[in-house]
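Treat the numbers as computed from the prediction; the structure is a model and nothing was measured.
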Amino acid sequence: MTDTATTDHTATDDAATTNGAATATAAPGADAYVVPGTDRLAADFYSFQDELTPVEREASLRLRDFMEREVRPIATDYWDRAEFPTQIVPGLAELGMFGASWPETQRFENSAVWRGWAALELGRVDPSTATFVGVQSGLAMSSIAIGGSPEQRAQWLPPMGRGELIGAFGLTEPLSGSDSSKGLRTTAERHGDTWVLHGAKRWIGNATFADVVVIWARDVADGQVKGFLVRRGTPGFTTTKIERKQALRIVQNADITLDGVRVDEADRLPNIHSFREVALVLRLTRAEVAWQAVGVSVGAYEAAVRYAGERQQFGRPLASFQLVQDRLAQCLGNITASIALCLQVSRLQDQGRQGDEHAALAKGFATTRMRETVAWCRELLGGNGIVLDHGVAKFFADAEAVYSFEGTRDMNNLIVGRAITGVGAFV
């Protein structure tokens, strides 16, 4: 649907809704994304925000304010230039975005539901910032928290939580993505108290400026995957920024080459014994990626609603046409269903009952609905939907990367399928 194909009749008055989500955009403004007179997002149609504790809710509002004031005004420009705004890191750290799960770095008692909601708030303004936080906090810090010794946790987690040190997560390889559990080619060979790493990694977020990268490699002695903390500047360790990327352009993804990189035994993560522990890290972060996907949908939806209220066609705003209202309702339905699913999978995590299949279903479903939603929003803007000026094009492009990382829809569905049937279909 484009804005030149809206020839339907106006909806009758008795069909008009009085819900705040509809009226919130009648007079577009800086705060049109909230229901008037409340702090609830207009896209939060069923008031899921009420599930947060008062402390969590206040933290979410502080994060929302930071993202609106400090990130939204610069995000499009940095995305266009494919550069990372390092000036936002201290603010994110102060808000407790790094390491909220772990006692060494937790700013206040919080739930997986809150951490998911924070990913939504990040994603609705800038998916690249959400991804940066996910890499720093969810992947790099969680790897150290789960796999590290007490000494390693004490050494790395507090400065990473303060944003003083940046981390990255080196799992994906040029020839290994979905099959990382069996297809990992990077090797580690022990020589006394030193390990020697050989191999390559690809698509590693934050790697161009990270102070430490968690490198996953297969031990040549026992064939098991192990984790290593590789510091920036280590001889034989090189990173090359991936150029010409058309999604999450703010995220600094890199190719990594490991040519005889020597790592002390003290920098091996001692609690990582196989890919099973790597999968645990991914399970904990996969649900938050699902929440991030909802945020991407919300961001595109908010921009489309705003545009529909401002854009005039046939002498009336687009928002007055039935086809446009139908499409926006479909978008809101996708968002609402996705939040409900994500809310429950985070509750399961808080209860210690979340399995791989639960996180996989949430990620696969939310990202599929996200892809559909951002496409409808882009469509609603017509030609204006493919330029950065109207707030949808960036979400449309970024959604493709969010759809793919932390397991594609297909791979996540196979995890769910294994739980349904008891039969693995990966090979």
With sequence neighbours excluded, residues passing salt bridge (charged side-chain N to carboxylate O under 4.0 Å, His left out) with [X]:
| X | answer |
| --- | --- |
| R283 | D356 |
| D350 | none |
| D50 | R57 |
| R153 | E104 |

[X] atom [atom1], neighbour heavy-atom count above 12 within 6.0 Å:
| X | atom1 | answer |
| --- | --- | --- |
| L388 | CG | yes |
| E94 | CD | no |
| F108 | CZ | yes |
| Q87 | CD | yes |
| R81 | CZ | yes |

Evaluate the side-chain proximity of [Y] to [X]: yes if any heavy-atom separation is below 4.5 Å, no if none is.
| X | Y | result |
| --- | --- | --- |
| C342 | F365 | no |
| I166 | Q252 | no |
| V392 | V374 | no |
| P158 | R162 | yes |
| R378 | I386 | yes |

Those residues at least two apart in sequence (or on a different chain) that pass side-chain hydrogen bond (donor to acceptor under 3.5 Å, both in side chains) with T129 are D126
[Y] backbone acceptor or donor facing [X] side chain under 3.5 Å:
| X | Y | answer |
| --- | --- | --- |
| S274 | V225 | no |
| Q106 | A100 | yes |
| K245 | A247 | yes |
| Q354 | R347 | no |
| D255 | R202 | no |
| T285 | V281 | yes |
| Q312 | L318 | no |
| N271 | G148 | yes |
| Q292 | A119 | no |
| Q136 | G167 | yes |

Show the nearest heavy-atom pair for residues [X] and [Y], with the distance to one decimal.
| X | Y | value |
| --- | --- | --- |
| V263 | L229 | CG1-O, 3.9 Å |
| M97 | L63 | SD-CD2, 3.8 Å |
| G170 | V213 | N-CG1, 4.0 Å |

So, [X] versus [Y]: side-chain donor-acceptor pair below 3.5 Å or not?
| X | Y | value |
| --- | --- | --- |
| T367 | R409 | no |
| W376 | E372 | no |
| S143 | W216 | no |

Within this structure, what is the [atom1]-[atom2] distance for the pair [X] and [Y], rounded to the nearest 0.5 Å?
| X | Y | atom1 | atom2 | result |
| --- | --- | --- | --- | --- |
| Q330 | N334 | CD | CG | 8.0 Å |
| I88 | Y78 | CD1 | OH | 9.0 Å |
| L248 | T131 | CG | OG1 | 4.5 Å |

W114 and S60: CA distance, side-chain angles, deciding distance, side-chain hydrogen bond (donor to acceptor under 3.5 Å, both in side chains) verdict: CA-CA 8 Å; W114 175 77; S60 295; 3.1 Å; yes
Is the closest basic N to carboxylate O distance between R231 and D267 below 4.0 Å? yes
Closer than 4.0 angstrom, basic N to acidic O: yes or no for E173 and K201? yes
What pairs of residues pass the ring pair (Phe, Tyr, Trp, His ring centres under 6.0 Å) test when at least one of them lies in residues 382-422, not counting sequence neighbours? Y307-H390
Lys/Arg cation over aromatic Y33: R124, 6.0 Å, 45° cone: yes
Among L341, T336, I335, whose side chain to side chain contact (heavy atoms under 4.5 Å, CB included) with I339 holds? I335
